[in-house]
Colleague: 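Sending over a structure as structure tokens; questions will come in a sec.
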Amino acid sequence: MASANEQNEVVKEVAELTLEQKLNEKRKAYRNGDLLYKSISIAVIVLSMAYAVGLFMGFLADWDVVRYILGIVLLVAMFFSIFILPRILKLSKKYKEYSLEYKTMFLKPVIESELPKAEYKESDKISTKEVSECSLLKKANKAIANDCVSGNYDGVDFLRYDMELSYGKSKASSDCVLIVCNNRTVLDHEIQVISSKFAVGKAAYEKPESLLPYISGDEAFDKKFKMYVENREEADTVLNTDLQKKLSKFSAGGPFAVFFDKKKVYLVIRRKKDSLEAPVYKAAKESACRKEAEKEVAIIQKWIELLNKEIMK
């Protein structure tokens, strides 16, 4: 006969399964609307291209009335598919509701249990001024933040954002993770360590004019990272063999760059995809979300532990 604990576990599993099922119904509602929107948009684009080819090849030369009617219909169809259809399908509202429930149900409990002195918010305001304090990101003119974790780990106050950055007139498209550690370091001058594949926006990272290139002398490390410093003598002391080894082994899920100064340490990680987002075309599962959240928490923990040992006062 099953014990009371075993019965409670069964009840809990059934409840969680029910929550997953309800959540996936919302996911499917958004997915189906998104597929319909994309299908209609693609059909309009294909028909518009066929119409343009027909005009160019002269197939419609003897069909003036048909040509004009088709042109007007396609213009209306394009306007409808771009501006009206998403509102009719309520795509933005459906996704926001689904995403918020996914993160509140699955993501927030995992992060806050793994980091007891931290708080998770699905979205938060981050000013361009705050971003521009980090010279790694100073050219960004707009920042959109989500999946924000703030708190204290191992004695260090930190902020963690998933960010979309925009440069110039371009739309926000540069996905990265920003981890800011607010603590005094042993440094008096700025140091940057940039992994070779790190980029800002669509361009390779450019060295600030105020900084000097620095070579550590370790051929393998210098091939993997570029370094820029204000004071070479201080860099000789700080960028020691132990720190180089730890930075070489540090896994952040993508190319990263580090900005060290006297008051803060910024870690910027470039990813091919926005992390911690609710899945659309596959089932939402608590187990998969937990695994992804635990990876993100581990990055924060390992990074702060590295700093505490090597560079924090």
Side-chain angles (χ1 to χ4, degrees), residues 126-143 154-161 163 165-168 174 176-252 254-270 299-300 302-313:
I126 178 171
S127 68
T128 306
K129 181 180 178 182
E130 184 176 350
V131 174
S132 65
E133 289 178 0
C134 173
S135 62
L136 288 169
L137 305 172
K138 66 180 180 180
K139 292 183 179 181
N141 58 17
K142 186 178 180 182
D154 204 16
V156 176
D157 292 331
F158 72 90
L159 298 170
R160 182 264 185 215
Y161 301 103
M163 291 203 310
L165 303 172
S166 61
Y167 297 86
S174 176
C176 68
V177 174
L178 173 65
I179 300 176
V180 186
C181 295
N182 299 284
N183 208 339
R184 292 185 62 80
T185 71
V186 296
L187 299 171
D188 291 317
H189 302 87
E190 180 180 342
I191 292 178
Q192 294 184 6
V193 181
I194 320 292
S195 61
S196 57
K197 295 182 180 179
F198 182 85
V200 176
K202 296 180 180 179
Y205 179 70
E206 295 180 7
K207 176 188 78 68
E209 293 181 3
S210 60
L211 299 186
L212 304 169
Y214 179 84
I215 298 175
S216 71
D218 183 323
E219 187 175 343
F221 185 82
D222 291 335
K223 186 176 181 180
K224 191 173 182 179
F225 295 94
K226 293 181 180 179
M227 291 171 287
Y228 307 110
V229 303
E230 278 188 316
N231 184 294
R232 284 198 173 103
E233 291 181 0
E234 183 179 62
D236 287 337
T237 302
V238 174
L239 294 172
N240 53 52
T241 304
D242 287 341
L243 180 58
Q244 290 175 24
K245 286 181 179 178
K246 289 180 179 178
L247 288 175
S248 294
K249 293 180 180 179
F250 185 72
S251 177
F256 66 89
V258 190
F259 168 78
F260 300 100
D261 74 1
K262 197 170 184 177
K263 297 179 181 178
K264 296 182 180 181
V265 178
Y266 296 84
L267 173 66
V268 186
I269 309 165
R270 290 302 309 274
I299 289 171
I300 295 171
K302 290 177 182 177
W303 178 244
I304 291 176
E305 288 165 6
L306 185 157
L307 295 180
N308 267 343
K309 191 166 184 180
E310 297 295 337
I311 206 162
M312 293 296 192
K313 280 189 176 180

Colleague: Does a side chain donor of either Tyr266 or Asp261 reach within less than 3.5 Å of an acceptor in the other side chain?
Modeller: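 Per modelled atom types, Tyr266 and Asp261 side chains form no pair under 3.5 Å.
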Colleague: Are Asp242 and Glu310 close enough that some pair of their side-chain heavy atoms sits under 4.5 Å apart?
Modeller: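 Asp242 vs Glu310: side chains touch.
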Colleague: Check whether any side-chain N or O of Lys246 sits under 3.5 Å from a backbone N or O of Leu306 as a donor-acceptor pair, and report yes or no.
Modeller: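 Not a single qualifying donor-acceptor pair exists.
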Colleague: Within the structure provided, determine whether Val268 and Met163 are in side-chain contact (heavy-atom separation under 4.5 Å).
Modeller: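 Of all side-chain heavy-atom pairs linking Met163 with Val268, none is under 4.5 Å.
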Colleague: Could you give the distance from CD (Gln192) to CZ (Phe260), rounded to the nearest 0.5 Å?
Modeller: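 The distance works out to 10.5 Å.
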Colleague: Supply the atom-to-atom distance Ile179 CD1 to Leu159 CG, rounded to the nearest 0.5 angstrom.
Modeller: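 It comes to 10.5 Å.
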Colleague: Give the minimum heavy-atom separation between Val238 and Leu187, together with the two atoms involved.
Modeller: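 For Val238 and Leu187, the tightest heavy-atom pair comes out as CG2-CD2, 3.3 Å.
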Colleague: Just checking Ile215: does its CD1 atom have more than 12 heavy atoms from other residues, nucleotides or ligands closer to it than 6.0 angstrom?
Modeller: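 Counting neighbours around CD1 of Ile215, 12 or fewer heavy atoms of other residues, nucleotides or ligands fall under 6.0 Å, so no.
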Colleague: Look up atom CG in Leu239 and atom CZ in Arg232, then write down how far apart they are to the nearest 0.5 Å.
Modeller: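 Between Leu239 CG and Arg232 CZ, I get 12.5 Å after rounding to 0.5 Å.
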Colleague: Do you know which two heavy atoms are closest between Pro213 and Tyr228, and how far apart they sit?
Modeller: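 The pair with the smallest heavy-atom distance is CA-CD2, 3.8 Å.
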Colleague: For Ser216, what residues pass the side-chain hydrogen bond (donor to acceptor under 3.5 Å, both in side chains) criterion, not counting sequence neighbours?
Modeller: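 For Ser216, the residues satisfying side-chain hydrogen bond (donor to acceptor under 3.5 Å, both in side chains) (neighbours in sequence not counted) are Asp222.
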Colleague: Mind checking the CZ-SG spacing from Arg270 to Cys176? Nearest 0.5 Å is all I need.
Modeller: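 So the gap between those two atoms works out to 6.5 Å.
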Colleague: Going from CZ on Phe225 to CG on Asp218, what distance comes out if it is rounded to the nearest 0.5 angstrom?
Modeller: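 Reported to 0.5 Å precision, the distance equals 11.0 Å.
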Colleague: Evaluate the side-chain proximity of Glu230 to Ile191: yes if any heavy-atom separation is below 4.5 Å, no if none is.
Modeller: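 The answer is no, as the side chains (C-beta and beyond) never meet within the 4.5 Å cut-off.
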Colleague: Among Val265, Thr185, Leu243, which residue meets the side chain to side chain contact (heavy atoms under 4.5 Å, CB included) test with Leu307?
Modeller: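 With Leu307 as partner, Val265, Thr185, Leu243 yield a single side chain to side chain contact (heavy atoms under 4.5 Å, CB included), made by Val265.
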Colleague: Do Phe221 and Met227 have side-chain heavy atoms sitting under 4.5 Å apart?
Modeller: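 The answer is yes; the side chains approach within 4.5 Å.
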Colleague: Once you round to the nearest 0.5 Å, how far does NZ of Lys262 lie from CG of Asp188?
Modeller: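 The NZ atom of Lys262 sits 5.0 Å away from the CG atom of Asp188.
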Colleague: Would you mind reporting whether Val258 and Trp303 have side-chain heavy atoms less than 4.5 Å apart?
Modeller: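 Yes, side chains in contact.
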Colleague: side-chain contact (heavy atoms from CB on, under 4.5 Å) with Ala252: which residues, sequence neighbours excluded?
Modeller: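 Result, side-chain contact (heavy atoms from CB on, under 4.5 Å) vs Ala252: Phe250, Phe256, Ile269.
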Colleague: Below 4.5 Å, heavy atoms only, C-beta onward: do Val229 and His189 meet side chain to side chain?
Modeller: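 With C-beta onward as the side chain, the pair stays apart.
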